[in-house]
Amino acid sequence: MPPLTAVRGFKDILPDEMTPWAAVEGKARDLARRYGFSEIRVPVAERTELFARGIGETTDIVEKEMYTMEDRGGGKITLRPEATAGIARAVMEHGILASARTARLFFIGPMFRYERPQKGRLRQFHQLDCEIFGDPGPWVDAEAIDLLWRLLSELEVPGLTLAVNTLGCPECRPSYRESLVRYLEGGRDRLCEDCLARLARNPLRVLDCKNPGCRELAVGAPRITDSACPACRDHFRGVLDALDSLGIAASVDPLLVRGLDYYARTAFEVLAGGLGAQNAVAGGGRYDGLLKALGGPDLPGIGFAAGLERIALLLPPQAPASGPDYFLAPLCPEALAPLFRLAGTLRAKGLSVAADWEPGSLKSRLRKADRAAASRCVVLGGTELEGGYALVRDLKTGEQIRAGLENLEPLAGDPGAPAPAAG
RNA sequence: GUGGGUGUAGUUCAGUUGGCAGAGCGCCAGGUUGUGGCCCUGGAGGCCGUGGGUUCAAAUCCCAUCACCCACCCCA
């Protein structure tokens with residue numbers, strides 16, 4: 001029988017790869033605290049209907065990328081492809097906005113989309129989500145972008161660019177949509193097959209098609225920024241001014257569109273070099289219609305999602321994690337029992353202890369202690385057992401002392417034994 | 001779903017016109033009777049992705065299949 005392997009697109013994160021993850025999650029928690037966000041954890045699976053209504057029936061995610069299954073009761077459930085819908089559901093289900101006017105929530109966890117894996121794209125991937133519910137104003141839009149930008153800047157992710165746009169609102173988008181369709185119809189012959197389909201179902205998506213023909217056509221298309229209603233223009237102006245006052249350089253990209261239906265007004269995206277084709281590190285925007293579409297109150301929201309795998313790929317090299325305080329090295333079978341007791345004593349005192357419960361040569365034990373990046377190595381063999389002590393060797397200086405077997409207290413009158421210089 | 005590339009030791013990778021399965025790193029040990037990292041020597045570790053075909057003979061040639069990587073698409 002051939003050995004089992006992980007499921008396609010589901011990747012192990014090995015111990016050696018954990019340091020960038022710890023850095024990203026640590027920084028995310030630190031910033032969430034500084035910006036007044038509370039952590040929330042929502043389930044990995046939701047009713048399929050939540051995503052169909054929340055993300056949009058005509059999106060690629062819902063149409064062909066979801067892990068959907070029937071549970072034993074016959075209901076359809078889906079592994080979450082994104083976090084916002086689930087968080088919105090939780091906010092409504094627990095009346096969070098009934099007891100407070102606004103809610104600021106962040107979330108870190110795995111998402112699932114059935115896509116062909118490639119660099120920076122897996123079927124199980126992880127996102128940091130920050131969401132602000134209940135505040136309609138442009139200030140929180142800028143605040144969310146500020147949080148995202150600070151996160152990536154403080155992590156020293158290189159080559160970042162920030163693009164923003166407005167998507168209009170239910171008031172002004174229909175008429176914009178009409179004029180866009182009229183314009184695109186005039187250039188039908190230059191559109192790719194996919195965009196011809198988008199023309200009928202989701203014409204705004206034609207704007208960010210990468211196909212050269214579609215791009216050329218899109219560049220000359222009418223712009224939402226020109227045809228937005230006064231309220232949307234004021235809002236967008238307010239976001240840009242607020243970002244400017246923070247010294248955050250955002251470029252307005254009238255072709256920036258979100259793939260999820262519930263976005264309105266502000267949309268933004270952070271891109272980075274060095275990721276190949278999957279260059280979007282984070283994206284988000286305002287979703288004022290989401291809660292209502294899910295059967296809840298007509299309250300606004302804004303948020304973003306950041307791809308943790310992609311950020312981890314971009315981080316500058318991290319200092320390796322420090323090793324244990326002690327590495328216990330038995331040289332003979334008789335040393336095992338006393339060292340085992342010693343490990344318990346040291347750990348009870350809060351010290352970290354690694355051990356190798358297999359007697360071996362001193363040379364090999366010291367090598368193992370070194371590989372484990374331990375600070376000190378406790379050596380115990382026949383000679384020490386007869387004398388009733390253990391040798392504690394400082395692996396950085398090479399100094400070693402005799403110490404009590406029970407608790408490693410240094411023995412009185414030990415002259416110390418300088419180790420030979422390393423070759 | 002569509003292209004291209006790659007599958008050989010734990011890992012990174014050689015392997016010539018088809019002719020006994022190889023190296024570096026890592027691992028175990030010896031040199032050094034109990035003092036690491038350098039050096040030297042030895043050792044363990046392989047369904048050569050899988051299945052079929054051609055051949056006296058296949059890691060090598062042919063067909064199929066699977067997996068991984070990159071790209072399209074989409075997105076974080």
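Reminder, nothing fancy here: chain letters follow the sequence lines and each chain counts from 1. It should be emphasised that the depicted structure is a prediction, and the values quoted were computed from it without experimental measurement.
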Closest listed nucleotide, where the reference is the side chain of [X] and the choices are [options]:
{"X": "A/P117", "options": "B/C69, B/C68, B/C75", "value": "B/C69"}
{"X": "A/L362", "options": "B/C69, B/U35, B/A29", "value": "B/U35"}
{"X": "A/F125", "options": "B/C69, B/A29, B/A76", "value": "B/A76"}
{"X": "A/R116", "options": "B/C72, B/A76, B/A29", "value": "B/C72"}
{"X": "A/Q127", "options": "B/A29, B/A76, B/G1", "value": "B/A76"}

[atom1] of [X] versus [atom2] of [N]: gap in Å, rounded?
{"X": "A/R376", "N": "B/U35", "atom1": "CZ", "atom2": "C1'", "value": "18 Å"}
{"X": "A/L315", "N": "B/A76", "atom1": "CG", "atom2": "P", "value": "20 Å"}
{"X": "A/L314", "N": "B/A76", "atom1": "CG", "atom2": "C1'", "value": "12 Å"}
{"X": "A/F10", "N": "B/C69", "atom1": "CZ", "atom2": "P", "value": "13 Å"}
{"X": "A/R367", "N": "B/C38", "atom1": "CZ", "atom2": "C1'", "value": "11 Å"}
{"X": "A/F327", "N": "B/U35", "atom1": "CZ", "atom2": "C1'", "value": "15 Å"}
{"X": "A/N279", "N": "B/C73", "atom1": "CG", "atom2": "C1'", "value": "14 Å"}
{"X": "A/Y114", "N": "B/C73", "atom1": "OH", "atom2": "C1'", "value": "15 Å"}

[N] base to [X] side chain: any donor-acceptor pair below 3.5 Å?
{"X": "A/R310", "N": "B/C75", "value": "yes"}
{"X": "A/R121", "N": "B/C73", "value": "yes"}
{"X": "A/E384", "N": "B/G34", "value": "yes"}
{"X": "A/K363", "N": "B/G37", "value": "no"}
{"X": "A/Q118", "N": "B/C75", "value": "no"}

Does A/R402 qualify as a cation-pi partner of A/Y389, given the criterion of NZ or CZ under 6.0 Å from the six-membered ring centre and within 45 degrees of its axis?
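So A/R402 does make the cation-pi contact.
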With nearest nucleotides of RNA chain B determined for A/G283 and A/G381 from heavy-atom distances, which residue corresponds to the more 5′ nucleotide?
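Mapping each residue to its closest nucleotide by heavy atoms, the 5'-most match is A/G381.
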Of A/A369 and A/E309, the one whose closest RNA chain B nucleotide lies more 5':
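Final value for this comparison: A/A369.
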Should A/E185 and A/R188 count as an ion pair when the cut-off is N to O under 4.0 Å?
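So A/E185 pairs with A/R188 through a salt bridge.
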Salt bridge between A/E358 and A/K368, side-chain N to carboxylate O under 4.0 Å?
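Looking at A/E358 and A/K368, the cut-off is not met.
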Stepwise side-chain contact (heavy atoms from CB on, under 4.5 Å) test for A/R376 and A/Q400:
CA-CA 9 Å; A/R376 288 171 288 275; A/Q400 57 187 22; over 6 Å; no
On a whole-Å scale, what distance lies between the [atom1] atoms belonging to [N] and [M]?
{"N": "B/U50", "M": "B/U8", "atom1": "C1'", "answer": "14 Å"}
{"N": "B/G37", "M": "B/A29", "atom1": "P", "answer": "14 Å"}
{"N": "B/U16", "M": "B/U60", "atom1": "C1'", "answer": "10 Å"}
{"N": "B/C40", "M": "B/G26", "atom1": "P", "answer": "12 Å"}
{"N": "B/U6", "M": "B/C63", "atom1": "P", "answer": "15 Å"}
{"N": "B/C73", "M": "B/U17", "atom1": "C1'", "answer": "44 Å"}
{"N": "B/A71", "M": "B/C48", "atom1": "C1'", "answer": "29 Å"}
{"N": "B/G22", "M": "B/U35", "atom1": "C1'", "answer": "36 Å"}

Any base atoms under 4.0 Å from [X], or only sugar-phosphate, or nothing? Heavy atoms, all strands.
{"X": "A/V379", "value": "base"}
{"X": "A/L148", "value": "nothing"}
{"X": "A/G120", "value": "base"}
{"X": "A/L128", "value": "nothing"}
{"X": "A/E65", "value": "sugar-phosphate"}

Side chain to side chain contact (heavy atoms under 4.5 Å, CB included) against A/L50, all qualifying residues, sequence neighbours excluded
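Per chain and number, A/L50 pairs via side chain to side chain contact (heavy atoms under 4.5 Å, CB included) with A/E46, A/A85, A/R89, A/L294.
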By salt bridge (charged side-chain N to carboxylate O under 4.0 Å, His left out) - contacts of A/D146 (at least two apart)
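Result, salt bridge (charged side-chain N to carboxylate O under 4.0 Å, His left out) vs A/D146: A/R150.
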Within less than 4.0 Å of OP1 or OP2 of [N], is there a side-chain N or O belonging to [X]?
{"X": "A/S361", "N": "B/G34", "answer": "no"}
{"X": "A/R205", "N": "B/C75", "answer": "yes"}
{"X": "A/K368", "N": "B/C28", "answer": "yes"}

Dot-bracket encoding per residue of RNA chain B, Watson-Crick/G-U cut-off under 3.5 Å, | denoting interstrand
(((((((..((((.....[..)))).(((((.......))))).....(((((..]....))))))))))))....
Check: [Y] main-chain N/O paired with [X] side-chain donor or acceptor under 3.5 Å:
{"X": "A/E17", "Y": "A/L14", "value": "yes"}
{"X": "A/T266", "Y": "A/T166", "value": "no"}
{"X": "A/E115", "Y": "A/E65", "value": "no"}

Exercise: do A/D325 and A/S352 side chains pair donor with acceptor under 3.5 Å
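Per modelled atom types, A/D325 and A/S352 side chains form a pair under 3.5 Å.
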